[in-house]
Amino acid sequence: MSSRLTGLDPNTTEKLQVNSYAPGEHFHLHHDAYYTGMPTELTDVEEGGRTVFPALGLSVKPRKGSALLWFNLRSDGRPDLRTLHGGCPVIRGFKWIANKWFNIKSQMFRRPCRLQYDEDDD
Ligand SMILES: O=C(O)CCC(=O)C(=O)O
Ligand SMILES: [Fe+2]
């Protein structure tokens, strides 16, 4: 299912990773080394638990059944530093997410390294 949504090669993915956060729990700001992750929200959270991207000015409220997809690495394999993100503390309720990680290996045919240099990539 996730390879249909992402258009990526499903052969170099990690096993589905399920994480839960109780009230007060959070995930510090970080960059992920996988090519892309697709956290899928398994629950609605009463309050808090947003996923935030401070460099992009984005904050996303967890909603049951929704998935977030972004590319941590550029097509040349270097990290895209704009993807710094974290999970804000849950205030009320519980947050459960399932993460599907795609490695960059074998994605060169689906998302080839571009010949054109794009300044937006830096
Ligand atoms: O819980 C979140 O909103 C973010 C989770 C995350 O970034 C991760 O699992 O790598
Ligand atoms: Fe992450």
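Order of appearance sets the numbers: ligands from 1, and atoms from 1 within every ligand. Side-chain atoms are counted along with the backbone in the values below, which use heavy atoms only and exclude waters and symmetry mates.
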Give, for atom CG of L8 and atom CZ of F102, the distance between the pair rounded to the nearest 0.5 Å.
-> 5.0 Å
Before giving the answer on ring-ring contact (aromatic ring centres under 6.0 Å, His included), spell out for Y35 and F71 the whole-Å C-alpha distance, their side-chain angles and the decisive distance to 0.1 Å.
-> CA-CA 6 Å; Y35 188 35; F71 291 87; 5.3 Å; yes
So the atoms of ligand 1 within less than 4.0 Å of a heavy atom of I97 turn out to be 1 (O), 5 (C)
Go through ligand 1 atom by atom and flag the ones less than 4.0 Å from a non-hydrogen atom of D32.
-> 10 (O)
Taking only heavy atoms of T51 into account, list the atoms of ligand 1 that are under 4.0 Å away from them.
-> 2 (C), 3 (O)
Per-atom contacts, ligand 1 versus K95 - under 4.0 Å to a heavy atom = 1 (O), 2 (C), 3 (O)
Numbering as shown, the atoms of ligand 1 that approach G87 to under 4.0 Å (heavy-atom distance) = 2 (C), 3 (O)
Output field for angle at the Fe ion (ligand 2), D32.OD2 vs H30.NE2, rounded to 10°, should show 110°
What atoms of ligand 1 come within less than 4.0 Å of a heavy atom belonging to N99?
-> 8 (C), 9 (O)
Using non-hydrogen atoms of the residue, decide whether Q17 is closer than 4.0 angstrom to ligand 1.
-> no
Indicate the atoms forming the closest heavy-atom contact of I97 with L42, along with that distance.
-> C-CD1, 4.1 Å
So, does K100 use its side chain to make a donor-acceptor pair with the main chain of E14 at under 3.5 Å?
-> yes
Of all the atoms in H31, is at least one N, O or S atom closer to the Fe ion (ligand 2) than 2.8 Å?
-> no
Spacing of T40 atom OG1 and L69 atom CG [to the nearest 0.5 Å] = 9.5 Å
Should we count NZ of K64 as having more than 12 external heavy atoms under 6.0 Å?
-> no
Pick, from W101, Y21, W96, F27, the option with the minimum heavy-atom distance to atom 1 (O) of ligand 1.
-> Y21
Answer with yes or no whether H30 contacts ligand 1, where contact means a heavy atom under 4.0 Å from a ligand atom.
-> yes
Please confirm whether R50 comes within less than 3.5 Å of ligand 1 when only nitrogen or oxygen atoms on both sides are compared.
-> no
W70 vs H85 aromatic rings, parallel, tilted or perpendicular, using cut-offs 30° and 60°?
-> perpendicular
For the student: nearest non-hydrogen atoms of H28 and H30, plus distance | O-ND1, 2.8 Å
Residues Y21, V45; criterion side-chain contact (heavy atoms from CB on, under 4.5 Å); working and verdict | CA-CA 10 Å; Y21 303 75; V45 181; over 6 Å; no
Looking at H85, which atoms of ligand 1 are within less than 4.0 Å of one of its heavy atoms?
-> 7 (O)
